[in-house]
2 protein chains.
Amino acid sequence: MTTIREVAKKAGVSVATVSRVINQNGYVKDSTFEKVQEAIKELNYRPSAIAVSLNNKKTKTIGLILPDITNPFFPELAKAVEEVANNYGYTMILCNSSGTVKNEIDQIELLQSKYVDGIILASDSFVEKDYKDVNLPMVLLDRGANPKNSSIRVNNFYGGVLATEHLLEQGCIKIAHLAGPKHVFTGQQRLEGYRSVVESMKWFDEKLVAYANYQLDDAITATKELLNKNKGIDGIFAGNDLMAIGCIKAIHSFGLSVPEDIAVIGFDGISLTNMIIPELSTIKQPIYEMGKEATNQIIKEIEGNHKESRDIEFDVTLIQRESTNRKRRPGLEDGATFKDNGNR
Amino acid sequence: MTTIREVAKKAGVSVATVSRVINQNGYVKDSTFEKVQEAIKELNYRPSAIAVSLNNKKTKTIGLILPDITNPFFPELAKAVEEVANNYGYTMILCNSSGTVKNEIDQIELLQSKYVDGIILASDSFVEKDYKDVNLPMVLLDRGANPKNSSIRVNNFYGGVLATEHLLEQGCIKIAHLAGPKHVFTGQQRLEGYRSVVESMKWFDEKLVAYANYQLDDAITATKELLNKNKGIDGIFAGNDLMAIGCIKAIHSFGLSVPEDIAVIGFDGISLTNMIIPELSTIKQPIYEMGKEATNQIIKEIEGNHKESRDIEFDVTLIQRESTNRKRRPGLEDGATFKDNGNR
DNA sequence: CAGGATTGTGAAACCGGTTACAGAAAGGGG
DNA sequence: CCCCTTTCTGTAACCGGTTTCACAATCCTG
């Protein structure tokens with residue numbers, strides 16, 4: 001690798017001048033500028049990002065910590081972060097925390113010692129007391145608010161309301177909720193949304209709430225149990241899309257069908273939802289937007305002099321698809337399956 | 001941030017001694033060692049990774065370049081890379097190339113100037129002449145071989161054979177192939193595998209091969225076209241799982257069902273395949289293993305003195321699920337749908 | 001044309017570590 | 001007790017840039 005001193009020698013100037021040419025600051029005579037540029041080109045010189053970082057204490061790198069990149073919610077987020085970061089000349093280090101607080105803390109330590117300029121923490125545990133000595137910009141995604149850090153999230157409570165009311169509108173008269181883990185912020189909020197709608201209804205019963213860990217397999221087990229313990233369930237609001245898919249699989253395993261026997265709605269709006277059959281109704285979060293905004297915010301905090309932290313709440317939207325479509329279109333027999341009649 | 005000099009002052013020793021304590025090399029008297037350790041603890045000192053890197057020209061960072069993290073094949077790969085890298089004390093920078101060669105080259109340049117120690121290039125374009133002046137370890141994933149770099153891949157040709165033969169065994173008598181993009185290595189190989197099995201058959205016709213870009217939407221369009229142009233197709237081998245899902249959706253839109261009317265098999269073995277209904281048969285690649293091995297190899301090349309590059313080929317396996325299950329179980333009417341009879 | 005402002009350039013300190021080297025202290029053998 | 005190892009520690013150079021400061025050259029103005 002060529003160094004700035006070699007360039008200086010070749011161009012017959014000092015390293016200071018070369019540095020000025022590279023950063024286009026300070027006074028440099030036109031003819032000198034040319035000479036240096038030429039030397040740079042000839043030697044195929046690129047300044048060492050490390051040496052630069054050692055001076056200005058910026059690495060142009062941000063860390064993204066998330067529970068598990070294989071959870072379909074996160075790739076879209078990661079993509080947004082990476083793209084926006086790249087646009088601003090930053091690169092992104094990705095860390096899977098597996099959702100445990102210990103890993104999260106380790107990852108934060110590691111990122112700090114690698115001198116990332118900021119961290120986006122998209123993990124979901126509640127704990128925050130342990131991050132006390134993180135003194136670099138950090139934005140929180142999908143977590144409880146915190147006076148010190150900016151946070152990005154959606155109105156999970158309202159989403160829960162929306163999902164539940166949608167099932168009611170579709171004529172469901174006994175609606176269960178498959179909630180996310182108890183210690184997870186988003187899961188709690190969505191559950192509260194559901195509860196606020198149904199708790200006054202006469203059919204409501206605490207047994208209609210089950211918990212699972214936001215994963216498919218766990219959701220299948222939990223749904224089977226739910227259906228065994230309760231008679232007459234005709235709608236399920238699942239805490240996320242992955243679990244909604246688990247619901248559907250469990251329902252099918254009982255010989256029932258979706259949405260005819262039981263309508264199912266998820267939460268998140270991952271792209272998976274329109275890949276499965278039946279296509280899944282869901283409460284959509286603007287995932288890409290959230291990642292984009294988180295990245296904008298972290299970069300603003302890194303580069304801005306004033307570090308005003310902000311709380312940004314995005315809206316969720318109901319996406320209605322087949323899995324909750326119980327009001328059949330006129331002209332179709334009840335129970336018939338929809339078909340696009342292609343052009344064959 | 002505290003520096004090594006502050007620690008030295010606090011412990012009443014020189015920076016050299018502190019450095020010796022940190023790296024546990026050289027001679028240090030026990031009592032001095034203790035003193036220094038104590039000072040380190042008290043000041044909560046962590047050496048700057050940047051300063052260290054400046055000396056030894058290692059950043060303990062590897063870059064992973066892939067076409068698109070939202071393609072479900074890649075998160076699993078990324079996870080493997082990240083986990084193994086972490087185990088060895090490395091962190092991972094993630095880059096989406098969007099599959100274009102220009103971006104790839106830009107990303108490689110960027111990673112080089114950030115002094116990553118090695119790169120895993122999991123992208124799929126053919127071009128390699130442009131990487132001539134990459135002089136740091138690089139392993140190629142799912143690409144054509146290259147004498148200079150190690151490569152990891154599966155036997156895509158054999159996978160194509162396996163998929164096609166499986167459809168034949170299931171009684172299909174006119175099998176189409178929805179191939180990946182023409183310029184992509186894996187797509188070509190899989191197509192060749194298919195072709196080798198069917199080209200001698202009397203029903204074979206070039207019109208049974210369609211191309212799409214490995215994406216869902218594109219696959220839907222291509223499949224519709226395929227079905228319009230050919231009569232009597234009863235089996236489709238899709239170049240990857242995402243396209244297989246597109247196939248199924250297209251088939252449904254024609255009012256046909258899978259696997260009764262048309263059997264469908266994919267390629268990759270992403271976890272999505274057992275989420276959809278019907279569950280998708282596929283040719284499974286050991287994705288996690290591949291990522292793990294790629295990372296092991298890159299670290300070996302980084303840390304090892306000898307840089308023997310290796311070509312590693314993994315085996316693919318046929319996973320049979322509902323989407324190709326045309327040999328009904330005894331006792332079930334033809335055309336009936338399978339149901340687990342839960343315990344309700 | 002004198003003298004201040006502006007422009008152009010280089011030497012050297014600095015960022016925060018590692019390490020070669022040299023010298024001091026302690027230990028061991030004759 | 002002297003001398004030679006071995007153990008211990010500090011000084012200073014170095015990694016590859018940026019930046020301050022001082023000084024030189026040029027320009028402008030009265």
Side-chain angles (χ1 to χ4, degrees), chain A residues 1-40 43-61 89 110-117 135-136 303, chain B residues 1-40 43-61 89 110 112-117 135-136:
Chain A
M1 211 72 306
T2 53
T3 73
I4 198 171
R5 285 162 228 272
E6 298 175 57
V7 175
K9 187 179 292 176
K10 174 136 205 161
V13 297
S14 73
V15 294
T17 302
V18 177
S19 177
R20 288 192 194 99
V21 170
I22 293 166
N23 301 299
Q24 315 242 21
N25 60 13
Y27 293 111
V28 180
K29 213 201 301 180
D30 281 1
S31 61
T32 314
F33 192 95
E34 302 283 317
K35 261 194 310 185
V36 172
Q37 285 262 304
E38 206 161 313
I40 288 176
L43 297 175
N44 193 25
Y45 167 73
R46 291 177 131 282
S48 154
I50 296 187
V52 174
S53 294
L54 188 58
N55 277 293
N56 61 201
K57 280 108 158 38
K58 300 270 168 191
T59 53
K60 287 276 189 174
T61 304
L110 181 66
L111 289 175
Q112 274 201 103
S113 78
K114 287 230 171 181
Y115 280 61
V116 299
D117 297 335
N135 47 8
L136 76 176
E303 299 188 346
Chain B
M1 213 60 317
T2 53
T3 72
I4 197 170
R5 286 161 227 272
E6 298 176 56
V7 175
K9 186 179 293 176
K10 174 135 205 160
V13 299
S14 74
V15 294
T17 302
V18 177
S19 177
R20 288 190 195 100
V21 169
I22 293 165
N23 301 300
Q24 316 242 20
N25 60 14
Y27 292 111
V28 180
K29 213 203 297 178
D30 282 0
S31 61
T32 315
F33 192 94
E34 303 282 320
K35 264 194 306 184
V36 173
Q37 285 262 304
E38 206 161 311
I40 288 177
L43 297 175
N44 193 23
Y45 168 73
R46 291 176 131 282
S48 154
I50 297 186
V52 174
S53 294
L54 189 57
N55 276 293
N56 62 202
K57 281 108 159 40
K58 300 270 168 193
T59 54
K60 286 275 189 178
T61 304
L110 181 66
Q112 274 200 104
S113 78
K114 288 231 171 179
Y115 281 62
V116 299
D117 296 335
N135 46 9
L136 76 175

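Labels below follow one simple rule: chain letters A, B, ... track the order of the sequence lines, proteins then strands, and each chain is numbered from 1.
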Do the side chains of B/V13 and B/V18 get nearer than 4.5 Å, heavy atoms only? yes
Checking B/K114 side chain against B/T59 main chain: does a donor-acceptor pair fall under 3.5 Å? no
Report yes if the side chains of B/I22 and B/I40 come closer than 4.5 Å at any heavy-atom pair, otherwise no. yes
Sorted by number, the residues of residues 29-38 of chain A with heavy-atom contact under 4.0 Å to DNA chain C: A/K29, A/T32
Interatomic distance, CG@A/L43 vs CD1@A/I4, rounded to 0.5 Å, equals 12.0 Å
The bend of the helix from C/dC1-D/dG30 to C/dG30-D/dC1, taken between the axes of its five terminal pairs at each end and rounded to 10°, is 50°
Mind running side-chain contact (heavy atoms from CB on, under 4.5 Å) on B/V7 and B/K10 for me, showing each step along the way? CA-CA 5 Å; B/V7 175; B/K10 174 135 205 160; 5.7 Å; no
Under the side chain to side chain donor-acceptor pair (under 3.5 Å) rule, what pairs show up with a residue in residues 18-38 of chain B, not counting sequence neighbours? B/S19-B/N23
Rounded to the nearest 0.5 Å, how far does CG of A/L136 lie from CE of B/M1? 9.5 Å
Check whether any side-chain N or O of B/Y27 sits under 4.0 Å from OP1 or OP2 of D/dT7, and answer yes or no. yes
Protein-proximity profile, nucleotides 15-20 of chain C, B/S/- by nucleotide at the 4.0 Å heavy-atom cutoff, equals BBBSBB
Anything under 3.5 Å between a donor and an acceptor, one on a side chain of residues 45-56 of chain A, the other on a protein residue two or more places apart or in another chain? List them.
residue	atom	partner	partner atom	Å
A/R46	NE	B/E109	OE1	3.3
A/R46	NH2	B/E109	OE1	3.0
A/S48	OG	A/I50	N	3.2
A/S48	OG	A/A51	N	3.1
A/S53	OG	A/A49	O	2.9
A/S53	OG	A/K58	O	2.9
A/N55	ND2	A/A51	O	3.3
A/N56	ND2	A/V52	O	3.2
A/N56	ND2	A/K58	O	3.3

Applying side-chain hydrogen bond (donor to acceptor under 3.5 Å, both in side chains) to B/T17 and not counting sequence neighbours gives B/S14
Could you tell me which non-hydrogen atom of A/K60 sits nearest to which non-hydrogen atom of A/D117, and how far apart they are? N-OD2, 2.7 Å
